[in-house]
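Below: one structure, written as structure tokens.
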Amino acid sequence: MATTATTATMTSKFPVRRVERSRRPSVDFDNLPFGSIWSDHMFVADNIDGAWTGAEIRPYGPMEIYPSSKALQYAVSMFEGFKAHKTPEGDLVVFRPDMNQKRFNRTASRFVMPELPEELFFDAMRELLDVDRGWLPDAAQGALYIRPSYFGTDPTLNVTPGRSFRFVLMTTPVGLYFTGSQTVSLVATRKFVRAFPGGTGAHKPAANYGPTMLASVHAQEQGYDNVIWLDGHEGRFVEECGVMNMWFVIDGTAITPPLEGTILPGVTRDSLIQLCADFGIPCEERRISVEELLDAHAAGTFEEAFGSGTAATVQPIDRLGLDGTDVTLPQHPDSVAARLKAELYGIQTGRIEDRHGWLWRP
Ligand SMILES: *Cc1c(COP(=O)(O)O)cnc(C)c1O
């Protein structure tokens, strides 16, 4: 792709190499697989022996990495994900990036990668969003998904903490089509375990996702969309579903499993707990077993199940396979899931008052 010569703009902290012609006009928002089209630019910076260097904004595209790098050999690689939306006034607002910034550094520390200074994270985001502002869809079309990625670049095979790392910030427009308006079905699995105490389940390493794909393929072979993950110790308690946090509504109470080390502390999960409080919906963070769900189903009090995560926001679930019993959950327009989803979307897009100070403006 042709680019103009390297120039530092008057206002930019970082050198910016701009693409000559944007690919923006080719985006078909109605038919856009998640993360399949990337905005024109990316932010790149390296950490070498503890010092940040080489920060710049350059055209989005391939980059060179040694095949022996720690990222490729040993999965020293991690990511984050959150969204920017357009308000009715046309402003760009980002949903709770401070939460992702903190979680980013918690994951980095778990993999003995240097923390990214808060200021670098926000400066990089501010400047990249400024350069690629034209990629932000209207709220009716979708959102701009922001993907920070961070990985080890040392070309050495010793299994010791590295000395060189690369941070990349990139953005991809996502359609509303991916906000999970359709329902999905799930089956509880004991064949696969997502996370174990002492492992990395509460962090966001790249390797959180690779090992889950075979489980979802197995679920699909059984006629479900994805799996419900159970605890790896007893195989009794629900932990997450697919790559989302898990929620149930039983007899009017919303229940989500507690953050005890094997569950990813989702920003969406945290936000929904707050919205339940706002709505006066009883909400409990506690362990919930497959047995309890089957008992509630038998008693007629099992009302809803849904997943939560940045990509789909609130994902309603209409069928659960639990130890051979198929639990079907009728969908209602005034369900807890629907109310939380509408409220969250309203706040994220500046249509409902940001009463918790969740929106960040670049
Ligand atoms: C990212 C992620 C989630 C959702 O977290 P959000 O911050 O709400 O996007 C849930 N589970 C896993 C395993 C994840 O990696």
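Since this is a predicted model, take the numbers as computed values, not measurements. In listed order, ligands and their atoms are each counted from 1.
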Identity and distance of the protein heavy atom lying nearest atom 11 (N) of ligand 1: E240 OE1, 2.5 Å
Contact atoms of ligand 1, heavy-atom distance to N245 under 4.0 Å: 10 (C)
Distance-only side-chain donor-acceptor flag, K204 / T107, under 3.5 Å: no
Test item, R103 contacting ligand 1 (heavy atom, 4.0 angstrom): yes
Nearest non-hydrogen protein atom, atom 8 (O) of ligand 1: T268 OG1, 2.6 Å
D278 and Q274 side chains, donor-acceptor separation under 3.5 Å: yes
Which residue and heavy atom of the protein sit nearest atom 2 (C) of ligand 1, plus the separation: K204 NZ, 2.6 Å
Modelled atom types, side-chain donor and acceptor of S308 and T268, under 3.5 Å: no
NE2 (H233) with more than 12 external heavy atoms under 6.0 Å: no
Closest approach of any protein heavy atom to atom 4 (C) of ligand 1, naming residue and atom: G309 CA, 3.9 Å
Under-4.0 Å salt bridge between D154 and R163: no
Whether Y209 lies under 4.0 Å from ligand 1, heavy atom: yes
Identity and separation of the nearest protein heavy atom to atom 9 (O) of ligand 1: T310 OG1, 2.6 Å
Contacting atoms of ligand 1, where contact means under 4.0 angstrom from a heavy atom of R194: 13 (C)
Any N/O pair R269/ligand 1 closer than 3.5 Å: no
S308 N/O to ligand 1 N/O under 3.5 Å: no
For G266, the ligand 1 atoms whose distance to one of its heavy atoms is below 4.0 Å: 5 (O), 6 (P), 7 (O), 8 (O)
Closest to atom 10 (C) of ligand 1 (judged by heavy-atom distance), picking from D270, V267, V243, T107: V243
Polar side chain donor-acceptor pair, S39 to D132, under 3.5 angstrom: no
Verdict with reasoning, E240 to R194, per salt bridge (charged side-chain N to carboxylate O under 4.0 Å, His left out): CA-CA 9 Å; E240 298 198 39; R194 195 194 78 85; 2.9 Å; yes
Proximity of M244 to ligand 1 by residue part, where a heavy atom lies under 4.0 Å: backbone
F111-Y150 aromatic ring centre distance below 6.0 Å: no
side-chain contact (heavy atoms from CB on, under 4.5 Å) partner of P114, chosen from D49, N47, I48: N47
